[in-house]
Undergrad: 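I am attaching a structure below and will ask some questions about it afterwards.
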Amino acid sequence: MNFSEKLIGWFEKNKRDLPWRKTKNPYFIWVSEIILQQTRVEQGLPYYKRFIKKFPTIKDLATAREDDVMKQWQGLGYYSRARNMHCTAKEICKSYKGKFPEKFEEILSLKGIGKYTASAISSFAFNLPFPVVDGNVQRVFARIFGISDSSGFAVAEKKFYSLGHKLLDKTNPGTFNQAIMEFGAIHCTPLLPKCNHCVFSGDCFALKTNRVKEFPSKKIKVKPRTRFFYYLIIKAGDSTFIKKRKGNDIWIDLYEFPLIESAKALSKNEILHSAQWKNFFGNISVKIISISKYQKHILSHQLINGQFWEVEMPSGTKIKQALKTFQLVKFTNLNKFPVSRMIEKYMVENGEGFTKNNRGK
DNA sequence: AACCCGGGGGT
DNA sequence: ACCCCAGGGTT
């Protein structure tokens, strides 16, 4: 048996029953691939079901409001994925009459679709012979063939794609690609791979040399940056101020409360005398209703300490220019706006009229 | 080529 | 505390 026969033999016995494996609709496959980038199947599955129900066709997605698209993504992370999908849906309507392109180069040219996703869609939906190389495939290849180059670098990438092209079953690329990723995801796992009963046990370099733990070689990780976010929940009757995040930072296009940010922890006094506080309130005396404990919010690359201040401005206060750049929104309407997990968690526990995003189970 | 972008779950 | 995940865009 060759590589592909062993692999697909294993796949047919062990594959999971997943909704995107039952369709050839390139739009559904695209949605699933984007959701599953850097995201586990169990976490992405409810989002996938909700997303294609809310936006059943490319046109539905293209004509949706940005806030509605972001709301569907709320809590998933890497929000540029949602922005890029929205943009690409519009592009497909404009340049391809709403029909998903069927050529690899066309698919690859779309925003948010790189080499991996273009290969996945091409092979799954159109049975084109492009090998997928994701984290799973790299781990499987690294172990079986003893590739010690650190993944993420050009040399390693060339070796992985070269192997992929060589081993790919050209008569059935879609099944081969799904099989090798599934094999990495549930058999040749990062920790505790099931080497004692493996179809490649006779071929695997790492196993034969008793060096499974050394493959794939680890990449150097960056030290996360620490930040302190002080969010002001300003009570103005039954309303409060929010604004969409912009710029070149995390959580772009999600909404948040007026924010005082610092690279180090600030005391209550430091906040009350900060330039940012004065920018919002000037010298008027604001009533502080409550100050929450720090909420630690961990991202892969940042550690954010969030603190929520509930404050009330004296009635009849003239609103400073800084606050005029915000939207005044009723507490009961906060649910309509996509927010980060950190804000969602706080509001679910303490906010008025805010319920958890319905993301299934 | 290096850096940036979230969040969750496993160990 | 550390690991990893069906990666892609920007600089």
Side-chain angles (χ1 to χ4, degrees), chain A residues 15-16 18-21 29-48 70 73-85 87-88 107-124 131-140 150-158 160 164 174 176-186 188-193 213 216 218-225 227 245 247-254 296-304 306 338-345 357 359 361:
Chain A
K15 65 181 172 188
R16 291 169 292 183
L18 300 170
W20 45 86
R21 294 219 175 110
I29 292 171
W30 173 43
V31 172
S32 74
E33 287 304 329
I34 301 300
I35 288 177
L36 266 30
Q37 285 170 6
Q38 306 300 97
T39 305
R40 290 168 192 281
V41 166
E42 312 84 71
Q43 189 195 355
L45 188 52
Y47 281 88
Y48 170 78
M70 299 310 287
W73 214 264
Q74 180 176 310
L76 248 191
Y78 284 116
Y79 297 92
S80 64
R81 294 184 291 175
R83 283 198 309 280
N84 288 338
M85 281 194 80
C87 170
T88 287
I107 298 171
L108 182 60
S109 75
L110 298 171
K111 199 168 176 69
I113 297 183
K115 201 168 175 183
Y116 162 77
T117 306
S119 301
I121 297 171
S122 298
S123 62
F124 299 164
V132 290
V133 176
D134 69 341
N136 287 317
V137 175
Q138 293 183 25
R139 183 172 58 256
V140 172
S150 236
S151 56
F153 291 95
V155 178
E157 173 141 336
K158 284 192 87 166
F160 289 132
F176 178 94
N177 279 343
Q178 296 209 28
I180 193 160
M181 289 197 289
E182 186 77 337
F183 182 74
I186 67 177
C188 193
T189 47
L191 275 58
L192 303 175
K213 274 193 246 177
K218 292 182 202 166
K219 341 174 182 174
I220 313 101
K221 61 180 170 205
V222 292
K223 198 170 145 185
R225 172 161 68 118
R227 306 167 75 173
R245 275 184 81 89
N248 199 16
D249 199 357
I250 58 173
W251 302 331
I252 296 168
D253 289 340
L254 301 190
K296 211 180 273 284
H297 189 84
I298 300 163
L299 309 181
S300 58
H301 47 299
Q302 296 183 24
L303 198 167
I304 296 165
V339 298
S340 71
R341 273 306 248 162
M342 182 168 64
I343 289 183
E344 182 192 346
K345 280 181 182 168
N357 192 24
R359 67 165 57 77
K361 67 174 167 109

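The structure presented is a predicted model; accordingly, all values stated were derived computationally and were not measured. The chains referred to below are lettered A, B, ... by the order of the sequence lines, with proteins before strands, and numbering in each begins at 1.
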Undergrad: Kindly write out the residues that satisfy salt bridge (charged side-chain N to carboxylate O under 4.0 Å, His left out) with A:Arg83, not counting sequence neighbours, or none if the list is empty.
TA: A:Asp253

Undergrad: Mind listing the side-chain donor-acceptor pairs of residues 296-303 of chain A below 3.5 Å, one per line with the distance, residues two or more places apart or on another chain?
TA:
unit_1, atom_1, unit_2, atom_2, d
A:Gln302, OE1, A:Arg227, NH1, 2.6

Undergrad: Walk along nucleotides 2-7 of chain B from 5' to 3' and tag each nucleotide B, S or - by protein heavy-atom contact under 4.0 Å, base first, then sugar-phosphate.
TA: S--BBB

Undergrad: Among all residues two or more places apart in sequence or in another chain, which pass the salt bridge (charged side-chain N to carboxylate O under 4.0 Å, His left out) test with A:Lys15?
TA: A:Glu12

Undergrad: Which residues pass the side chain to side chain contact (heavy atoms under 4.5 Å, CB included) test with A:Leu254, not counting sequence neighbours?
TA: A:Met70, A:Tyr79, A:Trp251, A:Pro338, A:Ser340

Undergrad: What range of DNA chain C does chain A touch, first nucleotide to last, counting atoms under 4.0 Å from its heavy atoms?
TA: C:dC2 to C:dT10

Undergrad: Pairs counted only when both distances fall under 3.5 Å, Watson-Crick or G-U: show me the 5' to 3' dot-bracket for DNA chain B, [ ] for pseudoknotted crossings and | for other-strand partners.
TA: |||||.|||||

Undergrad: Can you name the residues that form a side chain to side chain donor-acceptor pair (under 3.5 Å) with A:Thr117, not counting sequence neighbours?
TA: A:Gln37

Undergrad: Test of understanding: with ring-ring contact (aromatic ring centres under 6.0 Å, His included), list the residues that count as partners of A:Tyr116, not counting sequence neighbours.
TA: none

Undergrad: Of all residues at least two apart in sequence or in a different chain, which pass the salt bridge (charged side-chain N to carboxylate O under 4.0 Å, His left out) check with A:Arg225?
TA: none

Undergrad: Looking at residues at least two apart in the chain, or sitting in another chain, which of them share a side chain to side chain donor-acceptor pair (under 3.5 Å) with A:Glu182?
TA: A:Arg16, A:Arg21

Undergrad: By ring-ring contact (aromatic ring centres under 6.0 Å, His included), which residues pair with A:Phe124, not counting sequence neighbours?
TA: none

